[in-house]
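All remarks here apply to the structure that follows.
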Amino acid sequence: MTNLSKKEYAGINYFRLIAAFLVVAIHTSPLTELSGTADFALTRIFGRVAVPFFFMASGFFLFSKTEAGKLPPGKLAVFLKKTTVLYAIAILLYLPLNIYAGKTEEWRYFPNLLKDIVFDGTVYHLWYLPAAIFGACIVWLLLKKLKPGPAFIISLLLYVIGLCGDSYYGIAEQIPFLKAFYQNLFLFSDYTRNGLFFAPVFFMLGALLAGPIKRIPLKTCLIGLMLSFALMLAEGLLLHGFNLQRHDSMYLMLLPCMFFLFQSLFFWQGKNLNDLRNLSLIIYLIHPAVIVVVRGLAKAAGLQGLLVHNSLLHFLTVASGSLAAAIVLVMLLNARRAPNAADSGRRQKDRAWAEINLSNLQHNVQVLKEALPAGCEIMAVVKANAYGHGAAQISNCLNHIGIDTFAVATIDEGIHLRRQGIKGEILILGYTPAARISGLYRYRLSQTIADAEHARELNGFGKPIKVHVKVDTGMNRLGESYQHTSEIASIFDCNNLNVTGIFTHLCVSDKLEESDAAFTDQQIRCFYELLDELKARQINIPDIHIQSSYGILNYPRLQCEYARIGIALYGVLSTLDTNTKCSLALRPVLALKSKVALVRTIAPGESVGYGRSFITPKEMQIAVISIGYADGFPRSLSTKGHVLIRGCRAPIIGRICMDQLMADVTKIPDVQRGDVVTLIGKDGSEEITAEQVAAKEGTITNELLSRLNDSRLQRIFSNF
Ligand SMILES: *Cc1c(COP(=O)(O)O)cnc(C)c1O
């Protein structure tokens with residue numbers, strides 16, 4: 001986890017713009033008139049920091065590890081998709097240019113086209129996009145399989161191979177074996193400055209700076225930066241002077257330069273302008289087109305001497321033209337996004353909504369992790385739309401903080417999560433009939449085995465299916481009975497079943513009375529005895545899980561690979577009068593809110609609502625509130641519940657309707673239409689907990705929360 005606050009990324013974003021203009025300089029050589037050497041130093045030596053910088057920034061943000069120390073999945077997929085789409089658009093954009101230049105003729109020979117698309121980028125600057133794709137994938141693989149040290153060394157070796165085919169080729173080609181090697185290599189890629197040899201080491205440096213590499217003080221950064229810049233200048237001028245360069249993208253000193261440069265940028269603080277990201281990317285992508293336009297217009301206007309042949313003016317014209325076009329494009333992009341956001345923003349808080357606090361979710365994960373025995377991981381139970389919290393967003397947030405095991409109730413819940421890009425294992429706790437097995441396979445879902453016959457059905461599908469064996473130890477719901485050892489053993493013999501887990505479910509782990517505790521102990525004993533019998537039959541025991549939320553709170557010492565945690569993740573317990581062995585400082589994730597639609601004064605003796613169940617004893621002020629039982633607020637709270645308005649409690653009066661309810665606000669001054677009403681959650685010093693509401697309704701929070709109606713309530717997620 002990087003400890004950088006967002007503010008400290010500002011320097012990285014500022015430098016993106018500088019890097020983009022350096023690339024423009026590389027392609028316009030602004031100092032040519034002044035001196036060839038000066039231009040070489042600026043564009044072929046200093047300018048070479050630009051692209052590595054972009055790679056490093058991508059590596060830095062892509063591979064910053066989550067709190068659990070794992071690489072966040074999902075981010076890479078998004079990056080690859082975005083880059084590929086961008087690349088496809090760029091290829092199309094420059095197609096007319098390639099047709100004009102006769103390149104499409106070359107492409108009639110297919111390997112030429114392939115080489116251009118995979119390595120060289122079809123236009124001179126576009127190699128950057130496939131290189132970013134390759135670089136990101138290589139570094140992802142290296143970091144997944146290896147420790148940071150060896151991973152870095154491999155990326156460094158790749159860079160050295162590239163170096164000998166680039167700036168140092170004049171030396172390398174003296175050795176016949178190397179010469180032959182590179183001659184062959186150049187058949188596949190015009191330069192070694194590509195995604196294989198050039199990009200990985202910079203992605204890796206970025207990744208390591210987001211993780212294990214320590215920050216160094218500013219003074220060290222600047223001294224290091226100046227020294228390595230000076231050495232790189234000497235290196236470049238020497239190689240150039242001795243005519244050793246085949247190409248001039250890669251230098252030995254580029255590595256320390258980039259290291260110190262990136263470290264220095266952490267100290268460049270200011271407002272974090274996120275638009276600079278898109279702005280610099282667009283400048284990068286369009287400036288060659290702008291060059292063409294500038295040349296064309298200059299020719300038409302007879303200004304070639306000024307705008308093309310004067311290299312400094314040419315650079316300035318292209319740079320400002322690219323900047324202007326990029327600003328317009330960014331504004332258009334933002335404008336397209338903005339109305340939707342504003343519209344949904346307006347829609348979100350106008351009637352009834354649930355506020356989902358993802359920081360509290362993260363807090364609960366942390367607290368639960370600390371409570372779990374070492375080696376036991378959270379299997380996040382996100383069934384029933386994550387207990388009404390929004391399954392996709394909750395799972396996505398959990399994915400980002402390193403949780404990669406989920407449980408849902410149905411196959412459709414599992415498919416929904418996969419379609420939303422959720423990574424890791426997703427276990428379906430309920431029964432899935434034979435007709436749906438192909439969905440399990442296609443979406444890589446793990447299925448709970450309901451009994452041995454179910455296992456045979458799944459096995460009959462003929463392709464590998466991941467399963468967890470459920471053992472019934474007294475709940476008498478799903479699961480093969482613990483007494484049927486042979487039946488359970490037979491499941492492990494099924495060729496097409498990949499058994500990755502075995503579990504049981506406790507049915508009174510929430511109670512601590514002696515008889516309940518005895519029953520639970522017996523369930524646990526039966527389960528472990530079964531495991532012993534399986535072991536005696538030479539069966540390898542897969543991952544074990546027994547506890548759900550109350551199992552963790554009351555039986556924390558069981559040693560399992562997973563705990564299936566539902567309600568506790570959302571920061572509430574099932575009931576109000578909960579007495580558990582350990583108590584955790586959980587924080588509720590959900591608040592339920594609505595708005596006052598109308599305030600009216602009612603004379604004594606009038607009735608309020610359906611059935612005339614409430615008659616005003618005196619003159620009263622009542623508020624009509626835009627939430628009802630169709631939103632999931634229980635009708636049984638009629639005349640019993642409270643809501644919070646302006647930090648005060650207001651009793652619910654009359655019957656709760658399908659879409660509205662009424663509350664007595666006589667004692668609360670100044671209540672107005674549009675006031676926010678809290679049904680679950682805090683308002684000022686007052687709080688109504690989900691446990692209290694559920695208790696009044698005579699149910700458990702699990703039911704209350706999972707019934708909150710997704711199609712009616714808006715969900716508003718606070719960022720974490
Ligand atoms: C729902 C469910 C859970 C989660 O229970 P909580 O009490 O919400 O933690 C665990 N295991 C199974 C089999 C379930 O069906």
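All values below come from the heavy atoms of this structure, side chains included, with hydrogens, waters and symmetry mates left out. Since the structure is predicted, the reported quantities are computational estimates derived from the model, not experimental observations. Order of listing sets the numbers, starting from 1, for every ligand and every atom in it.
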Can you list the atoms of ligand 1 that are under 4.0 Å from a heavy atom of [X]?
X: Arg477; result: 13 (C), 15 (O)
X: Tyr387; result: 1 (C), 4 (C), 5 (O), 6 (P), 8 (O)
X: Asn702; result: 8 (O)
X: Lys383; result: 1 (C), 2 (C), 3 (C), 14 (C), 15 (O)

Quiz item: Mind checking whether His545 and Tyr562 have parallel, tilted or perpendicular rings, split at 30° and 60°?
Solution: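 His545 vs Tyr562 ring planes: perpendicular.
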Quiz item: Of the backbone atoms (N, CA, C, O) and the side-chain heavy atoms from C-beta on, which set of Leu429 has a member under 4.0 Å from an atom of ligand 1: side chain, backbone, both, or neither?
Solution: side chain
Practice problem: With heavy atoms only and a cut-off of under 4.0 Å, state how Tyr550 meets ligand 1: side chain, backbone, both or neither. | Solution: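 Tyr550 to ligand 1: no contact under 4.0 Å from either part.
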Answer yes or no: is there a side-chain heavy-atom contact under 4.5 Å between [X] and [Y]?
X: Ser509; Y: Gln547; result: no
X: Val676; Y: Asp683; result: no
X: Tyr629; Y: Leu637; result: no
X: Ile688; Y: His642; result: yes

What residue and atom, counting heavy atoms only, is the protein's closest point to [atom], and at what distance?
atom: atom 11 (N) of ligand 1; answer: Arg564 NE, 2.8 Å
atom: atom 12 (C) of ligand 1; answer: His505 CE1, 3.4 Å
atom: atom 9 (O) of ligand 1; answer: Ser549 OG, 2.5 Å

Quiz item: Do Lys470's NZ or CZ and the ring of Phe503 fall within the cation-pi criteria of under 6.0 Å and 45°?
Solution: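 Ring-cation test returns no.
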Quiz prompt | For Phe633, all residues meeting ring pair (Phe, Tyr, Trp, His ring centres under 6.0 Å), sequence neighbours excluded | solution =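 Checked Phe633 against ring pair (Phe, Tyr, Trp, His ring centres under 6.0 Å); zero matches.
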Practice problem: Using only heavy-atom distances, determine whether the side chains of Ser594 and Ser626 contain a donor-acceptor pair under 3.5 Å. | Solution: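 Note: Ser594 and Ser626 side chains miss the donor-acceptor criterion.
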Quiz item: Do Ile567 and ligand 1 have an N or O pair less than 3.5 Å apart?
Solution: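 It does: an N or O of Ile567 is found under 3.5 Å from an N or O of ligand 1.
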Quiz item: Taking N or O atoms only and a 3.5 Å limit, does Gly566 qualify as a polar contact for ligand 1?
Solution: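 Yes - when backbone and side-chain N and O of Gly566 are compared with those of ligand 1, one distance drops under 3.5 Å.
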Practice problem: Compute the minimum heavy-atom distance from His545 to ligand 1 and say whether it is under 4.0 Å. | Solution: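 The answer is no, since His545 has no heavy atom less than 4.0 Å from ligand 1.
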